[in-house]
Number of protein chains: 2
Amino acid sequence: MSDAVDQIVGQWASERPDLVDDLWPVEMLGRIQRVALIITKEVKAFTAEHGLEMGEFDVLTTLRRCGAPYTMTAGALVKASFVTSGAITNRIDRMEAKGLVERVRDGADRRSVRIRLTEQGRQVIDVVMGEHLRNYARLAESLDRAEMDQVAAVLRKLLEAHGDTTLT
Amino acid sequence: MSDAVDQIVGQWASERPDLVDDLWPVEMLGRIQRVALIITKEVKAFTAEHGLEMGEFDVLTTLRRCGAPYTMTAGALVKASFVTSGAITNRIDRMEAKGLVERVRDGADRRSVRIRLTEQGRQVIDVVMGEHLRNYARLAESLDRAEMDQVAAVLRKLLEAHGDTTLT
DNA sequence: GTTGACAATCTCAACGTTGAAATAAAAGCA
DNA sequence: TGCTTTTATTTCAACGTTGAGATTGTCAAC
């Protein structure tokens with residue numbers, strides 16, 4: 001069988017025969033990009049069903065999995081995400097308005113702001129996370145576990161090489 | 001060794017032991033998302049060095065690899081991309097102002113617009129594509145070819161399952 | 001030929017992010 | 001104590017995308 005990347009590579013091979021020996025990275029990286037776009041669209045649709053932006057869902061999961069009292073500084077959320085500080089400020093604004101998180105000014109260092117999951121926020125993410133994992137499983141159901149393990153192992157190596165090793 | 005996804009999965013296992021048996025899709029899909037974010041940032045930085053948005057680069061490659069006369073309708077570009085018609089219109093506007101493409105109204109069906117690579121556009125993409133492939137190779141240099149082939153084969157299967165099999 | 005359904009593209013306000021500048025507080029040091 | 005540097009967050013205009021609607025053109029049926 002063949003997918004869209006096979007066609008793309010085939011077109012390039014026809015149009016730029018001088019590049020045929022350089023097309024091999026596209027076979028993996030091109031597919032990673034396309035899979036990511038498809039998965040992202042699916043996850044966006046999923047979170048929208050629960051009234052959440054993907055970025056808001058990301059903040060909820062980050063706060064929840066760090067454990068009680070479900071609190072991180074704004075700066076820590078920036079480092080744990082792939083977005084800038086301005087984006088985090090906006091997300092917190094929206095989520096605070098929704099009652100999902102609250103800002104707590106730290107007495108010790110009043111520059112920093114602690115973002116804390118509210119009880120409502122914790123209940124929301126505890127429900128949504130379970131469904132998210134079921135949705136994730138559905139998105140991967142065409143593969144068997146051995147195949148997924150192979151991909152995971154290689155991509156772990158790639159992430160390590162790019163320094164993606166810590167959350168903070 | 002361990003990466004950020006190992007830590008994320010470990011946190012969830014601690015905080016939600018009831019979900020441990022459901023976390024396995026994160027091992028693959030979570031890593032795909034993170035690798036894609038890293039690669040996207042790198043490619044954005046690369047195209048910016050050549051004065052191009054990533055979306056503009058995408059249009060250039062799509063037109064170039066379809067072969068002479070390097071022409072597609074706006075609708076075909078929408079289908080070949082992961083964005084809406086409004087985004088394509090804006091991209092074409094910008095690229096036309098830069099002299100990279102030109103709009104040619106079709107005589108046969110005047111609703112449709114043929115987008116054609118200009119000579120300048122073709123020269124730009126022919127240079128940039130070669131460098132892009134070298135950059136791609138650099139981004140994947142921590143892996144050997146067998147590992148990449150494994151990932152590519154599994155992701156091809158996943159893309160097929162999600163219907164990502166044709167360009168148009 | 002006129003009508004109505006369909007198709008291709010463009011328009012535009014709303015949205016989330018970026019990135020640099022502004023604000024405010026803490027820390028280092030004379 | 002004063003002064004500078006550094007750190008944490010917020011502000012804000014510019015940017016690209018979305019998504020619904022408007023515009024314009026085609027085609028089949030009558």
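Values below: all heavy atoms of this structure, side chains included; hydrogens, waters and symmetry mates excluded. Order of the sequence lines fixes the chain letters, A, B, ..., with proteins taken first and strands second; residue numbering starts at 1 for each chain.
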Please enumerate all protein N or O atoms sitting under 3.5 Å from an N or O of nucleotides 10-13 of chain D, with distances to 0.1 Å.
{"residue": "D/dT10", "atom": "OP1", "partner": "A/R103", "partner atom": "NE", "Å": "2.8"}
{"residue": "D/dT10", "atom": "OP1", "partner": "A/R103", "partner atom": "NH2", "Å": "3.4"}
{"residue": "D/dT10", "atom": "OP2", "partner": "A/T89", "partner atom": "OG1", "Å": "3.2"}
{"residue": "D/dT10", "atom": "O4", "partner": "A/S85", "partner atom": "OG", "Å": "3.3"}

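- Using a cut-off of 4.0 Å between Lys/Arg side-chain N and Asp/Glu carboxylate O, B/D22 and A/R134 are scored as not salt-bridged.
- The main-chain N or O of B/L52 is found under 3.5 Å from a side-chain atom of B/T47 such that the two form a donor-acceptor pair.
- Cluster annotation: A/V5 is connected to B/M54 through the hydrophobic network of ILVMFWY side chains, with a link wherever side-chain heavy atoms come within less than 4.5 Å.
- Only B/E53, listed by number, bring a heavy atom of residues 43-58 of chain B to less than 4.0 angstrom from any atom of DNA chain D.
- The side-chain hydrogen bond (donor to acceptor under 3.5 Å, both in side chains) check on A/E141 picks up nothing, with sequence neighbours excluded.
- Salt bridge status for A/D6 with A/R31: present, with a side-chain N to carboxylate O gap under 4.0 Å.
- Taking a cutoff of 4.0 Å between a charged side-chain nitrogen and a carboxylate oxygen, A/E56 and A/K98 qualify as a salt bridge.
- Under the 4.0 Å criterion applied to side-chain N and carboxylate O atoms, B/R103 and B/D93 are assigned as salt-bridge partners.
- Under 4.0 Å is where a charged nitrogen must lie from a carboxylate oxygen, and between A/E53 and A/R94 no such pair does.
- The shortest distance between side-chain heavy atoms of B/L158 and B/H162 falls below 4.5 Å.
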Measure all distances between protein nitrogen or oxygen atoms and nitrogen or oxygen atoms of nucleotides 5-7 of chain D, and list the pairs falling under 3.5 Å.
{"residue": "D/dT7", "atom": "O4'", "partner": "A/R111", "partner atom": "NH1", "Å": "3.3"}
{"residue": "D/dT7", "atom": "O2", "partner": "A/R111", "partner atom": "NH1", "Å": "2.8"}

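- Remark: A/D3 does not engage A/R34 in a salt bridge, criterion side-chain N to carboxylate O under 4.0 Å.
- Reading DNA chain C from its 5' end, the first and the last nucleotide to sit under 4.0 Å from a heavy atom of chain A are C/dG16 to C/dA26.
- A donor-acceptor contact closer than 3.5 angstrom links the side chains of B/T40 and A/Q33.
- Partners of A/Y136 according to the ring-ring contact (aromatic ring centres under 6.0 Å, His included) rule, which considers only residues two or more places apart in sequence or in another chain, are A/H132.
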